[in-house]
Amino acid sequence: MNSDKNYQLGLLYLVHLLINADGIVNENEKKALMKIKSKEGVPDSVFNEFLLDVVRLKPKEIYQKGITLINECGDEKKLRAFVHLYKISEVDGSVHIKEVRLLLYSVKMAEIEFDDVVEAAAKITSY
């Protein structure tokens, strides 16, 4: 598997878990997912693989695959992934405690500094 595909799938898996963490997926979150797909140049074949996986796998398996794939990436891509996650946690207008837990735990597992994520996310004006 190439590094772009690893990054894209890992990111998509974690985004899926984040937008489903509060049990409600609203239109803004769906739009944000598609915006990430576009911004990151995710091919339809990779996106379709992701869609099939999230239907057949349990959330724990999705998380494990996602964090494993992200951890195979360099620090720059890891940071970029967590900036997406941070921004998408805000997109529905409220940040649920389950989203915060997932984000903080994932940042720790990826050995990324949360302050770096917040700083990088602050440079992005809209999402």
Side-chain angles (χ1 to χ4, degrees):
M1 203 181 283
N2 69 41
S3 67
D4 283 344
K5 184 178 178 184
N6 286 352
Y7 168 74
Q8 292 165 344
L9 278 174
L11 173 61
L12 291 172
Y13 292 144
L14 294 177
V15 166
H16 169 78
L17 292 171
L18 189 71
I19 65 176
N20 285 281
D22 62 2
I24 302 165
V25 180
N26 72 26
E27 277 307 306
N28 289 339
E29 291 170 323
K30 290 177 186 177
K31 288 177 185 174
L33 174 63
M34 297 313 290
K35 191 171 184 178
I36 289 170
K37 178 185 182 284
S38 175
K39 267 185 161 180
E40 293 296 338
V42 178
D44 288 339
S45 60
V46 173
F47 195 74
N48 289 334
E49 181 178 337
F50 153 73
L51 292 175
L52 290 172
D53 283 348
V54 297
V55 171
R56 70 176 181 81
L57 298 173
K58 295 176 183 172
K60 185 176 181 176
E61 295 169 310
I62 295 168
Y63 177 78
Q64 194 56 55
K65 283 184 82 164
I67 203 68
T68 297
L69 291 169
I70 289 296
N71 276 331
E72 291 175 4
C73 299
D75 287 344
E76 183 180 315
K77 281 190 175 180
K78 282 185 191 180
L79 179 60
R80 195 164 82 212
F82 285 102
V83 167
H84 282 302
L85 292 168
Y86 182 87
K87 294 302 276 186
I88 208 167
S89 72
E90 301 174 325
V91 84
D92 66 354
S94 68
V95 181
H96 193 276
I97 188 67
K98 289 182 179 181
E99 293 172 333
V100 173
R101 284 184 190 147
L102 177 64
L103 191 54
L104 290 175
Y105 184 72
S106 298
V107 165
K108 180 180 177 183
M109 295 302 294
E111 299 179 351
I112 295 289
E113 292 295 325
F114 188 70
D115 290 342
D116 293 343
V117 174
V118 173
E119 184 181 320
K123 295 176 183 174
I124 300 172
T125 54
S126 67
Y127 208 76

A quick test of your reading: do over 12 heavy atoms of other residues, nucleotides or ligands sit less than 6.0 Å from CZ of Phe114? yes
Compare all side-chain heavy atoms of Lys108 with those of Leu104 and state whether any distance is below 4.5 angstrom. no
More than 12 heavy atoms of other groups within 6.0 Å of Glu90 CD: yes
Minimum heavy-atom distance between Ile62 and Val54, given as atom pair plus value: CD1-CA, 3.8 Å
To check you understand the geometry: which heavy-atom pair defines the closest contact between Asn71 and Met109, and what is its length? ND2-O, 3.3 Å
Got a second to check how far Leu12's CG is from Glu49's CD, nearest 0.5 Å? 10.0 Å
Tell me if a side-chain donor or acceptor on Ser106 pairs with a main-chain N or O of Leu103 at a distance below 3.5 Å. no
In plain terms, say whether Lys78 and Glu111 are close enough for a salt bridge, that is, a side-chain N and a carboxylate O under 4.0 Å apart. no
Could you go step by step and tell me if Val46 and Lys37 meet the side chain to side chain contact (heavy atoms under 4.5 Å, CB included) rule? CA-CA 10 Å; Val46 173; Lys37 178 185 182 284; over 6 Å; no
According to the interplanar angle, ranging from 0 to 90°, do the rings of Phe50 and His16 count as parallel (below 30°), tilted (30 to 60°) or perpendicular (above 60°)? perpendicular
Determine the minimum heavy-atom distance between Phe82 and Ile67, stating which atoms define it. CZ-CD1, 4.3 Å
Kindly determine whether Glu40 and Arg80 satisfy salt bridge (Lys or Arg N to Asp or Glu O under 4.0 Å), including the steps that lead there. CA-CA 10 Å; Glu40 293 296 338; Arg80 195 164 82 212; 2.9 Å; yes
Which of these, Lys30, Lys31, Glu29, Lys35, sits in a side-chain contact (heavy atoms from CB on, under 4.5 Å) with Val91? Glu29
Step by step, work out the side chain to side chain contact (heavy atoms under 4.5 Å, CB included) result for Glu119 and Asp115. CA-CA 6 Å; Glu119 184 181 320; Asp115 290 342; over 6 Å; no
What are the two closest heavy atoms between Ala81 and Ile70, and how far apart are they? CB-CD1, 3.8 Å
Side-chain heavy atoms of Leu102 within contact of Tyr63, under 4.5 Å: yes
How many angstroms lie between atom CD1 of Ile36 and atom CG of Leu85, to the nearest 0.5 angstrom? 7.0 Å
Please find the pair of heavy atoms, one from Ile112 and one from Asp75, that lie closest to each other, and give the distance. CD1-O, 4.2 Å
Can you tell me how far the CG atom of Asp53 sits from the CG atom of Asn48, to the nearest 0.5 Å? 11.0 Å
To the nearest 0.5 Å, what is the distance between CG (Asp116) and CG (Leu79)? 6.5 Å
Find the distance between CG (Leu69) and OH (Tyr7) and round it off to the nearest 0.5 Å. 12.5 Å
Once you round to the nearest 0.5 Å, how far does CG of Leu11 lie from CG of Leu33? 9.0 Å
Do side-chain atoms of Lys87 reach the backbone of Ile124 as a donor and acceptor pair under 3.5 angstrom? yes
Non-hydrogen atoms of Ile24 and Asp22 that approach each other most closely: O-OD1, 2.8 Å
